[in-house]
There are 2 protein chains.
Amino acid sequence: MPDETGGLRERKKLATREALSAAALRLALERGAENVRVDDIAEAAGVSPRTYNNYFSSREQAIVAAVTAERASRVAAALRARPREEPLAEAVTEAVVEQYTSEPAGEALALITSSPRLRKEYVEAAVAMRQPLESAIAERLDGAAALAPAVLAAAVSAATRVALAHWVRASDTGGGFVVVRVERSLPDLLREALAQVAPALRAAQG
Amino acid sequence: MPDETGGLRERKKLATREALSAAALRLALERGAENVRVDDIAEAAGVSPRTYNNYFSSREQAIVAAVTAERASRVAAALRARPREEPLAEAVTEAVVEQYTSEPAGEALALITSSPRLRKEYVEAAVAMRQPLESAIAERLDGAAALAPAVLAAAVSAATRVALAHWVRASDTGGGFVVVRVERSLPDLLREALAQVAPALRAAQG
DNA sequence: ACACAAACTTGCGTGTACGCAAAAATTCGC
DNA sequence: GCGAATTTTTGCGTACACGCAAGTTTGTGT
């Protein structure tokens with residue numbers, strides 16, 4: 001009795017991808033992000049360095065992917081799982097917030113926020129949800145304008161990025177002086193950001 | 001009587017930047033994008049290769065910048081130039097469409113659309129308007145939520161990217177067969193895309 | 001089972017990105 | 001105007017991204 005998902009090829013590919021990003025994260029935690037070479041990651045995952053680059057196009061991407069891996073498709077799945085009679089705006093907001101409520105373990109998060117490159121990659125990782133979201137939104141918007149699903153998905157992704165950028169910026173205020181910062185929780189920021197695009201979602205559905 | 005703008009330093013910097021992107025575009029048009037080396041660009045602009053990378057972080061960026069250079073700040077300026085009593089949604093839409101109505105000369109456009117890397121960079125160049133737009137929008141939204149200007153600017157930028165992506169995709173359908181494509185004008189696409197985010201702008205202003 | 005097609009991996013080579021520290025240019029206080 | 005402070009340019013070195021063309025593995029039809 002085999003497990004399930006698709007052919008062997010796809011499973012192997014996924015396994016390689018996960019092995020790579022897991023190795024990347026582990027090594028980065030052990031030695032610090034700057035002391036991890038691509039070759040180290042490849043070796044730890046048991047593939048050639050060249051293969052590493054078939055999966056990730058930057059070191060940062062591999063590290064961050066260990067944390068953000070399935071989030072994009074999970075958001076779309078979460079949206080589909082919501083009752084169809086629920087307004088799109090609420091459904092989307094809840095789907096997104098839900099996927100960001102269990103943030104990575106403290107150590108991984110500390111690692112990511114400690115490096116500008118990793119921070120950027122982490123925030124930008126939210127663009128990955130655009131395509132899945134677009135499909136899921138399209139299913140709820142049959143009669144809308146052609147560009148509507150794409151634009152709305154892009155807007156949601158953009159709002160998410162703004163919220164994330166705000167959130168991770170909490171730690172970039174280096175310099176020695178302790179700046180008084182009003183720390184807001186991520187769900188909080190996400191809800192505020194998404195509330196700004198909600199009217200667009202309502203209008204598209206209305 | 002000197003011209004105007006700021007100190008010598010800033011003018012030189014700007015001149016260097018323009019020389020670099022102009023050289024990049026000219027060389028790409030002459031030889032094709034793949035036959036242009038960073039060293040060629042640097043030499044044509046009279047700076048060291050290393051300096052080139054102080055201005056642009058990819059060859060594509062330099063080429064595309066020749067066309068998109070000031071667009072971001074022009075959008076913000078156009079928005080500020082609009083009557084304050086005009087609804088934000090209209091003002092933003094017109095400001096954006098206005099800046100995209102005179103698209104680059106055919107040859108440059110053909111060059112850009114002929115390469116996936118350049119197409120991507122061209123579309124992504126729209127993110128540059130986020131920051132300027134955020135400031136300009138903030139000036140019209142005094143009492144709104146903290147994240148509102150950032151989110152709305154990001155949404156507008158995202159909508160613009162969707163429209164551009166659709167537009168440039170007109171030429172990526174290669175393969176020999178002539179596919180029947182409904183070509184829509186860029187202003188047309190921009191208006192449809194921006195119409196999707198307009199409700200959010202109205203709500204923020206409400 | 002078998003052989004053929006399609007997809008993935010790998011090594012190699014070329015061009016690129018960027019940190020660092022020294023040198024050149026510009027600005028500023030006096 | 002003049003010398004010190006700041007900013008920019010530059011060379012160098014290292015690591016990286018990616019096209020290409022084999023070589024290898026997986027999927028398919030018979």
Side-chain angles (χ1 to χ4, degrees), chain A residues 2-21 23-24 27-28 31-65 114-121 124 174-175, chain B residues 2-21 23-24 27-28 31-65 114-121 124 174-175:
Chain A
D3 209 338
E4 7 64 65
T5 28
L8 171 59
R9 215 162 220 167
E10 286 184 27
R11 265 178 291 146
K12 256 195 156 178
K13 241 173 99 165
L14 224 135
T16 302
R17 168 171 279 264
E18 279 173 9
L20 280 169
S21 70
L27 291 174
R31 319 178 182 173
E34 304 139 39
N35 304 325
V36 182
R37 308 240 183 296
V38 161
D39 295 21
D40 304 334
I41 301 175
E43 189 180 17
V47 298
S48 78
R50 183 62 183 84
T51 292
Y52 162 87
N53 265 310
N54 290 341
Y55 285 88
F56 298 102
S57 53
S58 80
R59 216 175 32 267
E60 289 76 23
Q61 206 177 53
I63 297 175
V64 165
S114 72
S115 146
R117 310 273 282 239
L118 286 175
R119 275 203 303 266
K120 183 162 187 266
E121 188 67 40
E124 286 306 306
Chain B
D3 209 339
E4 8 60 70
T5 28
L8 170 59
R9 215 161 220 167
E10 285 183 29
R11 267 178 289 145
K12 255 196 155 177
K13 239 172 102 165
L14 224 134
T16 302
R17 169 172 279 264
E18 281 172 8
L20 281 169
S21 70
L27 291 174
R31 320 178 182 175
E34 303 140 39
N35 304 322
V36 181
R37 308 240 186 296
V38 162
D39 295 21
D40 304 334
I41 301 175
E43 189 181 17
V47 299
S48 78
R50 183 63 183 84
T51 292
Y52 162 87
N53 265 311
N54 290 342
Y55 285 88
F56 298 103
S57 53
S58 80
R59 216 174 36 265
E60 290 75 25
Q61 204 177 55
I63 296 175
V64 165
S114 72
S115 145
R117 312 272 283 238
L118 285 175
R119 274 202 303 266
K120 182 162 188 269
E121 187 68 40
E124 286 306 306

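Here is how names work: the chains are called A, B, and so on, in the same order as the sequence lines, proteins then strands, and each is numbered from 1.
Nucleotide D:dA15 holds its P atom 9 Å from the CG atom of A:Asp39, rounded to whole Å. Put simply, NZ on A:Lys13 is 14 Å from C1' on D:dG27, counting in whole angstrom units. For the pair B:Glu10 CD and C:dC28 P, the computed distance is 10 Å after rounding to whole Å. Remark: C1' of D:dT7 and CZ of B:Arg11 are 16 Å apart, rounded to the nearest angstrom. When rounded to the nearest whole Å, the span between CG of A:Asn35 and C1' of D:dA15 equals 13 Å. Atom pair A:Glu34:CD and C:dC18:C1' shows a separation of 13 Å (rounding to whole Å applied). Between the CG atom of B:Asp40 and the P atom of C:dT14 there is a distance of 16 Å, given to the nearest Å. We find that NZ of A:Lys120 is positioned 14 Å from P of C:dA17, with the value rounded to whole Å.
Nearest approach of B:Val47 to B:Leu20, heavy atoms of both residues: CG2-CD2, 3.9 Å. Nearest approach of B:Ser58 to B:Gln61, heavy atoms of both residues: OG-N, 3.0 Å. Between B:Ser21 and B:Ala62, the shortest heavy-atom contact is CB-O, 3.1 Å.
To the nearest 0.5 Å, atom CZ of residue A:Arg50 and atom CG of residue A:Asp39 are 13.0 Å apart. For the atom pair CD1 (A:Ile63) and CG (A:Leu118), the distance works out to 5.0 Å, reported to the nearest 0.5 Å. To the nearest 0.5 angstrom, B:Ser114 atom OG is 8.0 Å from B:Glu34 atom CD.
When heavy atoms are screened at a 4.0 angstrom cut-off, A:Phe56 is found touching no nucleic acid atom at all. Among the heavy atoms of the strands lying under 4.0 Å from A:Asn54 is at least one base atom, whether or not backbone atoms are also near.
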Between the protein and nucleotides 11-14 of chain D, list every N/O to N/O distance that falls short of 3.5 Å.
from	atom 1	to	atom 2	distance (Å)
D:dG11	O6	B:Arg50	NE	3.2

Between protein and nucleotides 23-25 of chain D, what N or O pairs are separated by less than 3.5 Å?
from	atom 1	to	atom 2	distance (Å)
D:dT25	O2	A:Arg9	NH2	3.4

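Cation-pi geometry between A:Arg17 and A:Phe56 is met: the NZ or CZ atom falls under 6.0 Å from the ring centre, inside 45° of the normal.
Axis angle between the ends of the helix from C:dA1-D:dT30 to C:dC30-D:dG1, five pairs each and rounded to 10 degrees, works out to 40°.
Of the side-chain N and O atoms in A:Tyr52, none sit less than 4.0 angstrom from OP1 or OP2 of C:dT10. OP1 or OP2 of C:dT9 has at least one side-chain nitrogen or oxygen of A:Tyr55 nearer than 4.0 Å. OP1 or OP2 of C:dG19 has at least one side-chain nitrogen or oxygen of A:Arg117 nearer than 4.0 Å.
For B:Ser57, the listed nucleotide lying nearest its side chain is C:dC18; candidates were D:dC18, C:dC8, C:dC18. Ranking D:dT10, C:dT9, C:dT10 by closeness to the A:Val47 side chain, first place goes to C:dT10.
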- Message: Evaluate A:Ser115 against A:Arg119 for side-chain contact (heavy atoms from CB on, under 4.5 Å), listing each step before the verdict.
- Response: CA-CA 6 Å; A:Ser115 146; A:Arg119 275 203 303 266; over 6 Å; no
- Intermediate values then yes/no, side-chain contact (heavy atoms from CB on, under 4.5 Å), B:Arg59 and B:Tyr52: CA-CA 9 Å; B:Arg59 216 174 36 265; B:Tyr52 162 87; 4.0 Å; yes
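Two residues are said to be in side-chain contact when any heavy atoms from C-beta on lie closer than 4.5 Å; B:Lys13 and B:Tyr55 meet this criterion. Inter-residue side-chain proximity for A:Arg31 and A:Asp40 is flagged as met; some heavy-atom pair is nearer than 4.5 Å.
Shown here is A:Glu43, whose CD atom has no more than 12 heavy atoms of other residues, nucleotides or ligands within 6.0 Å.
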